[in-house]
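I have placed the structure first, in the form of structure tokens, so that the comments after it can refer back to it.
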Amino acid sequence: MNDSNGQIAAAIAQATTPDTETRLELYRSMQACRMMEQRAYDLFMQNLIKGTSHLALGQEAVAAGFGAAMRKDDYSFCTYRGHNHTLVRGVSMTGILGELMGRECGLLSGKGGSMHLMSMEHGVLGSYAIIGAHMPIAAGAAWSAQYRKSGQVAVCFFGDGTTNIGAFHESLNFAAIWSLPVVYVCENNLYMEYTPISQVTAVENPAADRASAHGLEPVLIDGNDVDLVFATANAALDKARSGDGPSLIEVQTYRHGGHSRADPGKYRPDEEVAAWMKRDPVVTYRQRLLDAGIDAASLDTIDAEVAARVDKAEETARNSAPPSLDIAETDLWADGSSSWRN
Amino acid sequence: MNDSNGQIAAAIAQATTPDTETRLELYRSMQACRMMEQRAYDLFMQNLIKGTSHLALGQEAVAAGFGAAMRKDDYSFCTYRGHNHTLVRGVSMTGILGELMGRECGLLSGKGGSMHLMSMEHGVLGSYAIIGAHMPIAAGAAWSAQYRKSGQVAVCFFGDGTTNIGAFHESLNFAAIWSLPVVYVCENNLYMEYTPISQVTAVENPAADRASAHGLEPVLIDGNDVDLVFATANAALDKARSGDGPSLIEVQTYRHGGHSRADPGKYRPDEEVAAWMKRDPVVTYRQRLLDAGIDAASLDTIDAEVAARVDKAEETARNSAPPSLDIAETDLWADGSSSWRN
Amino acid sequence: MAQLSYREAVSAAIAQEMRRDDNVVFIGEDIAAAGGVFKTTEGLLDEFGPIRVRDTPISEQAILGATMGAAMTGLRPIAEIMFSDFFAVCWDIVVNQIAKTRFMSDGQCTFPLVIRSANGGGARFGAQHSQSIENWAMAVPGLKVVAPSSAADVKGLLAAAIRDPDPVLFFEQKSLYGTKGDVPEGEHVVPLGKANVLREGSDVTIVALAAMVPRAMKAADTLQQEHGISATVIDVRSLVPLDTTTIFESVSKTGRLVTVEENPRLCGWGAEISSLVAEELFWDLEGPIVRVTTPHCPLPSADALEDAVMPSAERIVANVLKLAD
Amino acid sequence: MAQLSYREAVSAAIAQEMRRDDNVVFIGEDIAAAGGVFKTTEGLLDEFGPIRVRDTPISEQAILGATMGAAMTGLRPIAEIMFSDFFAVCWDIVVNQIAKTRFMSDGQCTFPLVIRSANGGGARFGAQHSQSIENWAMAVPGLKVVAPSSAADVKGLLAAAIRDPDPVLFFEQKSLYGTKGDVPEGEHVVPLGKANVLREGSDVTIVALAAMVPRAMKAADTLQQEHGISATVIDVRSLVPLDTTTIFESVSKTGRLVTVEENPRLCGWGAEISSLVAEELFWDLEGPIVRVTTPHCPLPSADALEDAVMPSAERIVANVLKLAD
Ligand SMILES: Cc1ncc(C[n+]2csc(CCOP(=O)(O)OP(=O)(O)O)c2C)c(N)n1
Ligand SMILES: Cc1ncc(C[n+]2csc(CCOP(=O)(O)OP(=O)(O)O)c2C)c(N)n1
Ligand SMILES: [Mg+2]
Ligand SMILES: [Mg+2]
């Protein structure tokens, strides 16, 4: 049942550069994430998004790489920092921005909010805002896929800080002993909220150094390199789909902004921020594509298309009404009601 | 802050055989555990102990070895299978048997029961019956000792099955990053209740193979060899006391009976039971002492003294009244009451 | 009619539903090979095999998380939490995830799952293995809450819980496992949300749940025989959905209400029913509403002490008499 | 008097008590260097240093376990659970360990600890960051439960909680953090278990807690000005210990009781107070007891929806008027 044998490392080593079409799609996907999140930021500033919200600016390569590798019917589970992971599955941008703004057109009609994006029809099985909670739920979806022999894989995204909560370990052990088709992706962005992860973690690589505790192969990659993320995702998805069980993948990345709306991120050393800004996954990938001979015009076209899409989504969401108060108490139960008495 | 450097292994390698006086005390301590637990078993059979109870017959070397190594003011935390761990700290046998029988003379006047033995004055900070829960509590006692610079160490006993619950991992990471003076002792007796631990665990050695996940040295020893347990306990206690932080020690042992009162333990292969009975810690230690030239008479005397002590304890407990009903609702609050209103 | 124990009715219900629907699967600690620590699940592994009936590690968050994930992707899982006290180690999955996700998702997904657990006192297990937590569950929007008092109801209500499209917490009272009763032969399903009027009287309505039901019945006998007081006894059966219709009908008739609950005093289901009646049926009341509960304390372990704190038939009688004064 | 915000009163209380007693220590996620995600603990690290004010990993069980272990060995720890919804991931330590151990041990140990948490809705944070769980806490024997409504009470009650020898769950309502109020200069301690009569009236008693208190006061104004109804408003302040004396005195006088609570409908503290009154003060009542609550649903995220479900001054007025019919 255990697998510390380097299956994923071997597959990555053998992976070839994606074809141009795929690379353009990866680029488009990252740009869509980038521009949508930037727009979300602007909408906060205009107080059109209330409450809180957690942007994944700077972490686009992870969502884009996995999104491109996943089968349409695979499942994804993400956190409150889950706008990108939701978008890359094909969910409407209007639905996402509308939900952030609490409008009728929102993905959940305003009942969920920024931290809880979900779209069952796209296999987006939810965004969860309690640290670690979605990890065993993802195992459950994988268990169900295994039971139904559907060939689906569940992919579960979470942060470095999540590796210190109990549910992380329970889930990995559980997935390992049942050989579940689930891929756990730890996005190590160096911080759990405002606290450097190194200050509260007994090992250097919070996920990778814990893989062996559950019989898993340690996998640690540059999460700002979308080609590498894509190759790694393919390897882990293939492994899961062929019955070889779960993977735990730590990707190293960085968020460009603060933890959430309220946070200017001032606790981060200037040099650290500067170093990571140089590794911006969108900017560096654009350069890589140019270096590979792709012409700037194609990339500019993508940028323009994405920008137009974001504008359109914002406009639609802005023009959408607040949700009808009739839905405030519906859909607690399968019958659509919330009635607890006769 | 991390320590995978073999400090404990090195200390064990250098340990010398305990002197004869210590060895006789280790023997006496194991016999006391053995005979008390056997008596507890008899008392169940006579229905003088109600509810449930979990005996540690066969695991005596662990409690005895640690008990002998601990300082009087050190703290111990154990589980529902904690009669031995309580006894070795100097707690009265009458108090223990009385508590199992629900009598006035019980350690907790019958309010706690078999699963909750505790004696603050002996540093026995409790027996906990929710798997894993006492592990962070032990970290807290260690944190307090560190804060107060008292030089005390907390020792926390638990089973193999406990390594799969979240609190296990949270506690180890927490203890490691704060360098807390706490020693975690996993008594691997091969079963979590009726289920073989190997069937539900992704690694072979449920505790030792997880040590590195929290920057700790993997330590795996024969838990039926009381000299070895004693040496290991000394090493880990010294390490904690000198500020070098926590340890996680996996000791391999076996329970002679079932999980609890209700369980005849029939799921265990006959050969397995037979092999482990040959490694009975009390019987083998007796032989080792004889081989080392200690005369049988001294050991027989100890046996007789312990037997008399158990008889006395049983008699006193039998003659003790049931607790006064006046205490049924007392001592919820520090003022002795349980009043929630004025 | 077959005579089954409350314990046997558990596996009878699960087997009935597993035969009927391949999507019903069952996981928990020691539920498969060992047949459950209370022997409630014996025979299931043999009949349904290790893919459908599966032992887990001691990882309650993983057990219930997996149950949730399976339920939202097409299965109908049943999970066992061995003792209800252990819900505290996986409470997040229950209250923040399972209970809220359908609502938050605007109805995109359903959670047809059941979590069974041994609840309550009387077995001398001490404070961490004896608590009644049906009121914890009732307080959480999004959970259905069932607690049977007889073997027939165990079978029928558990079957209904498994078929129900919503999450059901199913509390088996551990001191009732050995009790026996008639259970209808063949398929047996009792709808959730219907209280059971066990005895009709005219002077007072006694509302009880699980282990308190036989005690309330005994109290009603004593009241009738020794005091000439005629009591209705209602077994609430399910706290959510709550059959206020049946309870209100009876209280309107008798004008007096006594609730008998095992959970600790504060914020129990008795308080909920009492305050519902105090709000909606106030003018029908002929006297104070009395709650009989375990005091607001953990349960002590020694038999004498445990018996002293849990509501007894005698205490119920005394409270009704106080009311009749 | 100093003007402090509800937020500032938190650090003021902790600082006051840390200066007074070296055994007071404080741990939680992002409470030290960052000064708390709600900026409630700014300045504490600077004044008391990293040994006494300490950031932790995301390990709520470890945080509260450590708090318990420290309390039973001589310290007076304060822990923060960032949002009260997160109690669900460490509920076992609270309810099975901290709450039960003194009782089980026959009084051998005490647990002088405080767990602070941001509770309640109104901040558009969605269902997993908005719940009110004061009723969960009240239902557990062995926990004291406090929820202040003003800056002065934050300071005084938190100070008292820290000095208290028993475990106190201290719920700060997150939508009140920005509100300001007068706080006495110098040492300020408000004893636990004393309700605060904020306004005396003769027609009805309105009992409220935390964020519901200002709404109840507003409702009382409207009732007086627009309907000539004179209401007493009582801020319960602490659910355990509960000041039944003050509440009962008022209800005896007015004959009418309305409770206003933020927690979901079923088994809330309102039900507890209602049923206490229905049992002990029945003959003084002149009409039904009315509970105003959030419906039995999770909280939706969108502002319009969240406002629609939480009790408002208007809803309180409407309920009192219903009662006066
Ligand atoms: C159980 C729990 N504890 C604390 C929090 C508050 N919280 C929200 S995000 C966060 C930091 C998470 O860090 P990480 O896992 O690294 O994810 P990131 O935010 O960096 O993506 C914390 C502590 C929570 N949501 N749930
Ligand atoms: C949270 C929790 N889950 C389940 C149980 C039930 N239970 C009691 S003992 C036990 C097995 C524990 O196995 P192990 O840790 O190996 O200790 P051992 O009994 O072998 O000493 C289980 C599952 C419990 N007490 N607490
Ligand atoms: Mg992070
Ligand atoms: Mg074991």
Side-chain angles (χ1 to χ4, degrees), chain B residues 75 77 106-113 115-116 118-121 125-130 132-148 150 152 154 166-167 169-175 177-178 180 182 323 327 329-336 338-342, chain D residues 22-23 25 27 51-52 54 56-75 77 89-90 92-93 96-112 138 141-142 144-145 164-167 193-195 239-246 276:
Chain B
Y75 299 129
F77 289 84
L107 204 50
L108 320 165
S109 309
K111 289 176 92 162
M115 297 206 271
H116 297 296
M118 177 181 235
S119 178
M120 289 298 285
E121 70 170 292
L125 266 52
S127 306
Y128 297 80
I130 308 284
H134 61 320
M135 294 188 65
I137 307 171
W143 168 42
S144 158
Q146 183 189 62
Y147 183 84
R148 291 180 285 103
S150 67
Q152 294 161 290
H169 289 281
E170 289 193 15
S171 306
L172 292 175
N173 182 64
F174 199 88
I177 57 169
W178 288 9
L180 298 178
V182 55
I327 67 161
E329 297 174 39
T330 59
D331 274 315
L332 186 64
W333 307 125
D335 70 6
S338 61
S339 150
W340 49 268
R341 64 188 284 186
N342 60 6
Chain D
D22 281 347
N23 285 325
V25 290
I27 62 173
I51 304 290
R52 294 182 70 190
R54 207 154 176 184
T56 68
I58 310 178
S59 306
E60 278 81 4
Q61 293 186 78
I63 295 170
L64 294 194
T67 300
M68 172 172 172
M72 75 200 287
T73 54
L75 303 191
V89 301
C90 49
D92 174 64
I93 305 290
N96 283 324
Q97 316 305 333
I98 291 173
K100 289 175 180 169
T101 301
R102 183 183 157 80
F103 176 87
M104 290 196 296
S105 76
D106 197 27
Q108 286 186 54
C109 42
T110 54
F111 297 93
M138 190 182 194
K144 295 183 175 172
V145 186
D164 199 272
D166 291 311
K194 288 272 157 260
L239 295 175
V240 179
L242 183 68
D243 184 359
T244 48
T245 306
T246 298
L276 279 166

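Just so it is clear: chains get the letters A, B, ... in the order the sequence lines come, proteins before strands, and each one is counted from 1.
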statement: Looking only at heavy atoms, the pair that brings Ala142(B) and Val182(B) closest together is CB-CB, 3.8 Å
- prompt: Ala99(D) versus chain B, heavy atoms under 4.5 Å apart: side chain, backbone, both or neither?
  reply: backbone
- prompt: So which of Phe174(B), Trp333(B), Trp340(B), Trp143(B) has the biggest tally of heavy-atom pairs under 4.5 Å with chain D?
  reply: Trp333(B)
- prompt: Hey, is the main chain of Asn342(B) close enough, under 3.5 Å, to the side chain of Thr244(D) for a donor-acceptor pair?
  reply: yes
- line: The interface call for Ile98(D) against chain B, heavy-atom contacts under 4.5 Å, is neither
- prompt: So which part of Ile51(D) gets closer than 4.5 Å to some heavy atom of chain B, the side chain, the backbone, both or neither?
  reply: both
message: Do Thr330(B) and Lys111(B) pair up side chain to side chain, a donor and an acceptor below 3.5 Å, judged on atom types alone?
response: yes
task: Would you check if there is a donor-acceptor pair between the side chains of Ser119(B) and Glu121(B) at a distance under 3.5 Å?
output: no
message: For chain D, which candidate among Ala334(B), Gly112(B), Gly336(B) shows the most heavy-atom pairs at distances under 4.5 Å?
response: Ala334(B)
message: Quick check on Gln146(B) against chain D: is it the side chain, the backbone, both or neither that has a heavy atom closer than 4.5 Å?
response: side chain
Most contacts with chain D, counted as non-hydrogen pairs under 4.5 angstrom, among Leu180(B), Ile130(B), Leu107(B): Ile130(B)
message: Determine whether a donor-acceptor pair (N or O, by modelled atom type, separation under 3.5 Å) exists between the side chain of His116(B) and the backbone of Ser127(B).
response: yes
- prompt: Any donor and acceptor pair, going by atom type alone, linking the side chain of Arg102(D) with main-chain N or O of Cys109(D) inside 3.5 Å?
  reply: yes
- request: Might you work through the side-chain hydrogen bond (donor to acceptor under 3.5 Å, both in side chains) test for Gln61(D) and Asp92(D), ending with a clear yes or no?
  value: CA-CA 8 Å; Gln61(D) 293 186 78; Asp92(D) 174 64; over 6 Å; no
statement: With chain B, the option among Ser59(D), Pro57(D), Gly107(D) that has the most non-hydrogen atom pairs under 4.5 Å is Ser59(D)
- prompt: Side chain, backbone, both or neither: which part of Gln108(D) has a non-hydrogen atom closer than 4.5 Å to chain B?
  reply: both
query: Picking from Met138(D), Arg52(D), Lys194(D), Lys100(D), which has the most non-hydrogen pairs under 4.5 angstrom with chain B?
result: Arg52(D)
field: Test item: Ser338(B) side-chain N/O and Glu329(B) main-chain N/O as donor-acceptor pair under 3.5 Å
entry: yes
Part of Val89(D) lying under 4.5 Å from any heavy atom of chain B: neither
- prompt: Which bit of Ala133(B) comes within less than 4.5 Å of chain D, counting heavy atoms only: side chain, backbone, both or neither?
  reply: both
- request: With a 4.5 angstrom heavy-atom cut-off, could you sort out which part of Leu64(D) is near chain B: side chain, backbone, both or neither?
  value: neither
